[in-house]
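Below is one structure, written out as structure tokens, with a few remarks after it.
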Protein chains: 2
Amino acid sequence: MNFRQLRYFAAVAEEENIGRAALRLHISQPPLTRQIQQLEDELGVKLLHRTSKGVELTQAGDTLYHEARNILALTAVATERTVKAEQGHLGRLDIAIFGSAILGLIPKTVLEFRNAYPDVNVVLHTMSKPDQIKALRRRQIDIGFNRLLAPHEDITTEVILYEELVIAVNENHPLAKKKDLKFTDLAGEPLILFPSNARPGFIDYAIRICNDAGFSPNITQEVGDAVTGVALVASGFGISIVPRSTTALSLPGVIYRDFEQNKDVAGLDLSCIYRTDNHSQILHNFLQVVRRYAAELEKKS
Amino acid sequence: MNFRQLRYFAAVAEEENIGRAALRLHISQPPLTRQIQQLEDELGVKLLHRTSKGVELTQAGDTLYHEARNILALTAVATERTVKAEQGHLGRLDIAIFGSAILGLIPKTVLEFRNAYPDVNVVLHTMSKPDQIKALRRRQIDIGFNRLLAPHEDITTEVILYEELVIAVNENHPLAKKKDLKFTDLAGEPLILFPSNARPGFIDYAIRICNDAGFSPNITQEVGDAVTGVALVASGFGISIVPRSTTALSLPGVIYRDFEQNKDVAGLDLSCIYRTDNHSQILHNFLQVVRRYAAELEKKS
DNA sequence: TCTATACCATATAAAAAAGGTATGTATACG
DNA sequence: CGTATACATACCTTTTTTATATGGTATAGA
């Protein structure tokens, strides 16, 4: 059995007349007769009653006709889906994010991507930095988002955006009133930093930039994620340095303040990582959405 | 696209190696390479990444692989179902019955047929005699059951069984005590007959056989079906003549009595009708079940 | 760095399949 | 009783598919 025979048979079934079906198929009548005969021989089943005015389906023929329509329709869908898959409109994208990355760019990007590519199944995984690298190599994820990423041989690191650091203080804290906030004003202040569960991370980076500024930070608390950290600021446990995207999280009593001459204060990257040898069109499409969205953010600021 | 290409591609996808797949398919490697290339060209889609150790599926290739498996499986099922349909194991059978035929042979036959041919969809239609003929001609039904059928040119009438007539009387009625019941004993008795909604029917037949016996029947009541008729007998409205199969219906106060020398009293056929040109295997299989069951009944009596 | 090996790709000739034309056969219809 | 219509068959041509032989490329090991 082959597609041609099914296609031919469906035409004959619909026309109930071999000659007319042949006309419709743009072939002559004898080859069509032969193809139907071959189909019957191969199945060992009479599909048509030959009458003087044409043919009519036997019960077996009727059954096969419905099956054939089904198969032919499915085949059309199959090619369609294959082409869609090639264009990155169909498939699956596994994205790794880190805890506090739920804020800001990532959720909006993912949302936009899902709208643009509704047939791509997007799966989000929360993963630490080293786990993201491992999962990429194991091909468990296609792309990961993180900060302060070290370069790897087989993995491309692409900086999506650079975020300035801002300070989160309780509204009752003296620094909340002070203008022209400088980085060195943090000396001696009780610092709350996150995340504490991925090393090397923001904390190590914060220590380094404090040292560069000429003082040792007084880290009183390490927490796992931004929400907890800012919550502690709200409760008056101390102050915190956070990337600007965290300001999307507004808690009562918490005030975010820019540093004076922010350009001089070191900022923080948000990067994504993916296997350099991953030429998936889906990944490519997703990266385009990310880049476009990041460029928009850049323009606004 | 054709089945061969899908079959070949599925093998390549599973082996991840064209040479090995060719071995499995019992063809040499170059034609397989070419078939895959043609498939790719036709779809305009790269299905495989060629590597040094073999091939691996692209996202499009993976998509097509799953579709291909689906189509191939469906095709196998299609041939299976077509053969089953030819053997009368798959399809639909529309049966027409008349009101009181719910008793006796028909339900048991249908049940047995459904057990033997579970993939045949049996649909029962309640229909009067002329409607059955019409529905047969319109191919709305495949077979009808009825009594006292006139012959038709295009329709085969097959007597399934011949039922003797018995009398249904109330236990308090004088005839209930009388032995050696003769047909002429019915003269003057109030008769309840059915069905009243299909002419010519049993009623006309009853009038005729009474006339033949030398008296005019005293028909006091015509009702639509056996259940109502026998219920009236139970209530003492009169007596009734019924085919023996009706005795399956036992109501309090109703006694069924045979006629003496029953052979002489005319009986009643139960026949089935079907289009003479209907060579459906399903119908054939159903008729076999009916005949076997009728033969069993015959043997018992 | 060279060679052996294991792949996939290409070229060509033979075999198989599909298509076309002409003709045959059966049935309905005027 | 001939004509028209529809499917079947015979025979030849064209296209498609396969196998064999050969070439090219990347990897592994000496």
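These numbers were taken from a predicted model, which means no experiment stands behind them. Throughout, a chain's letter reflects where its sequence line sits, starting with A, and its residues are numbered from 1. All heavy atoms count here, side chains included; hydrogens, waters and symmetry mates do not.
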What is the separation between atom CG on Leu23(A) and atom C1' on dA6(D), rounded to the nearest whole Å? 13 Å
A side-chain contact here means heavy atoms from C-beta on lying under 4.5 Å apart; do Asp154(B) and Asp277(B) qualify? no
Of the listed dC7(D), dA9(C), dG19(C), the closest approach to the Tyr8(A) side chain comes from dG19(C)
Rounded off to whole Å, could you give me the CD-to-P distance for the Glu56(B) and dC7(C) pair? 15 Å
More 5' along DNA chain C: Arg20(B) or Pro30(A), using each one's nearest nucleotide? Arg20(B)
Mind checking whether Tyr117(B) and His89(B) have parallel, tilted or perpendicular rings, split at 30° and 60°? tilted
Candidate nucleotides dA8(D), dC7(C), dA19(D), ranked by approach to the side chain of Arg50(A) - the nearest: dA8(D)
Taking the six-membered ring for Trp, are Phe3(B) and Phe3(A) closer than 6.0 Å centroid to centroid? yes
State whether the distance check finds a donor on one side and an acceptor on the other, under 3.5 Å, for side chain Gln29(A) versus base dA8(D). yes
Near DNA chain D, which residues from residues 33-44 of chain A have a heavy atom under 4.0 Å away? Thr33(A), Arg34(A), Gln37(A)
Return whichever of Ser52(A) or Pro31(A) has its heavy-atom-nearest nucleotide of DNA chain C closer to the 5' end. Pro31(A)
Rounded to the nearest angstrom, tell me the gap between atom CD1 in Ile27(A) and atom P in dG19(C). 5 Å
So, Glu14(B) and Arg69(B), do they make that salt bridge, N to O below 4.0 Å? yes
Round to the nearest Å and state the distance from Leu32(B) atom CG to dT17(D) atom P. 13 Å
Taking C-beta and beyond as the side chain, do Thr79(B) and Thr82(B) meet within less than 4.5 Å on heavy atoms? no
